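Take a look at the structure below.
All values below come from the heavy atoms of this structure, side chains included, with hydrogens, waters and symmetry mates left out. Note that the structure is a prediction, hence the values are computed from the model and not measured.
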Amino acid sequence: MEYTVQRLANLAGISSRTLRYYDEIGILKPARINSSGYRIYGNKEVDRLQQILFYRELGMDLESIKDIVTSVSFDEFSALIQHREKLLQKRNQIDLLIANVEKTIALKEGRIKMSDKEKFEGFKQKMISDNEERFGKEAREKYGDEQVDKSNKMLRNMTEEQYKELQQLSSNVIETLKLAYDTKNPGGELAQKAVELHRQWLSYFWDSYTKEAHANLAQMYVEDERFKEYYDKEQSGLAEFLRDAVSIYANMI
């Protein structure tokens with residue numbers, strides 16, 4: 001079966017402009033150009049488009065997708081297995097949130113009683129699942145399954161008040177860090193305040209703290225592109241600034 005741009009776009013539920021853009025950036029080239037100058041796509045290209053849309057649904061950017069699907073080591077079948085696992089995780093997250101909403105509706109109607117802890121189960125599980133998907137592999141390789149599982153357990157057992165404190169603390173870390181970055185002084189008072197807030201944030205996930213572990217973590221923020229992106233999306237160079245500030249903090253006596 002062969003498709004023109006318009007037919008394939010209609011089949012996939014995307015715009016023909018999107019397909020042309022995929023051609024321009026080299027992520028999805030047509031099988032051939034016919035005598036009339038139209039792009040023609042075959043079964044191989046249909047399968048490639050499906051893979052691209054799977055990855056897009058999982059929130060991945062086009063540059064990363066291109067690196068994956070154009071790699072000589074790309075295995076379509078293995079990729080499909082991975083897609084299924086991630087989609088199942090996503091479905092479980094949504095199911096948990098739906099169940100949480102339904103319980104809350106029943107609570108408001110007076111049909112059931114619901115603890116404060118139960119009200120936040122869905123949100124906490126989503127946070128855990130998101131962290132596992134984005135950073136789980138690296139974190140487990142660096143710190144081991146036991147430490148990561150402990151961290152997840154601590155998050156699951158948080159009270160409503162602790163959960164709100166964590167959310168607020170996370171925002172405070174970023175805002176203070178951005179202000180400190182403007183001073184260009186990782187050893188300054190504001191930068192060290194940001195590091196102290198970051199240490200407090202870590203206490204919600206770590207059962208014990210050492211400055212050495214803190215410094216190692218900050219170094220990983222710079223070395224791992226996904227961690228780096230988390231900070232640098234707020235301010236370019238923020239991950240390295242935090243690393244330097246933590247390094248100074250860790251060397252204090």
Within the 3.5 Å criterion, strictly below it, is a donor on Ser64 or Asp67 matched to an acceptor on the partner's side chain?
no
Taking the six-membered ring where the residue is Trp, are the ring centres of Tyr3 and Tyr41 under 6.0 Å apart?
no
Checking ring pair (Phe, Tyr, Trp, His ring centres under 6.0 Å) between His198 and each of Tyr209, Phe205, Tyr221, Tyr249, which is the one that passes?
Tyr221
Checking side-chain hydrogen bond (donor to acceptor under 3.5 Å, both in side chains) for the pair Tyr204/Glu165: CA distance, chi angles, key distance, verdict?
CA-CA 10 Å; Tyr204 285 84; Glu165 288 174 354; 2.9 Å; yes
Ignoring hydrogens and geometry, is there a side-chain-to-backbone donor-acceptor pair from Lys66 to Ile27 under 3.5 Å?
no
State whether the side chain of Tyr55 and the backbone N or O of Ile68 hold a donor-acceptor pair below 3.5 Å, judged by distance alone.
no
Please check: side-chain N/O of Arg56 versus main-chain N/O of Met60, any donor-acceptor pairing under 3.5 Å?
yes
Stepwise salt bridge (charged side-chain N to carboxylate O under 4.0 Å, His left out) test for Arg48 and Glu45:
CA-CA 5 Å; Arg48 167 70 64 84; Glu45 289 71 40; over 6 Å; no
Side-chain donor/acceptor of Ser247 to backbone N/O of Asp244, under 3.5 Å
no
Taking Thr176 for the side chain and Asn172 for the main chain, is one N or O donor matched with an acceptor at less than 3.5 Å?
yes
Side chain Glu85, main chain Gln82, donor-acceptor under 3.5 Å
no
Can you find a pair of side-chain heavy atoms, one from Asp232 and one from Glu240, that are under 4.5 Å apart?
no
Could you walk me through whether Gln219 and Glu223 pass the side-chain hydrogen bond (donor to acceptor under 3.5 Å, both in side chains) check?
CA-CA 6 Å; Gln219 180 63 40; Glu223 293 175 351; 3.0 Å; yes
State which residue, out of Val246, Ile248, Val195, fulfils the side chain to side chain contact (heavy atoms under 4.5 Å, CB included) condition with Pro186.
Ile248
Any donor-acceptor pair under 3.5 Å from Ser170 side chain to Gln167 backbone:
no
Do other residues, nucleotides or ligands put more than 12 heavy atoms under 6.0 Å from the NZ atom of Lys178?
yes
Expected output: side-chain Asn10 to main-chain Gln6 donor-acceptor under 3.5 Å:
yes
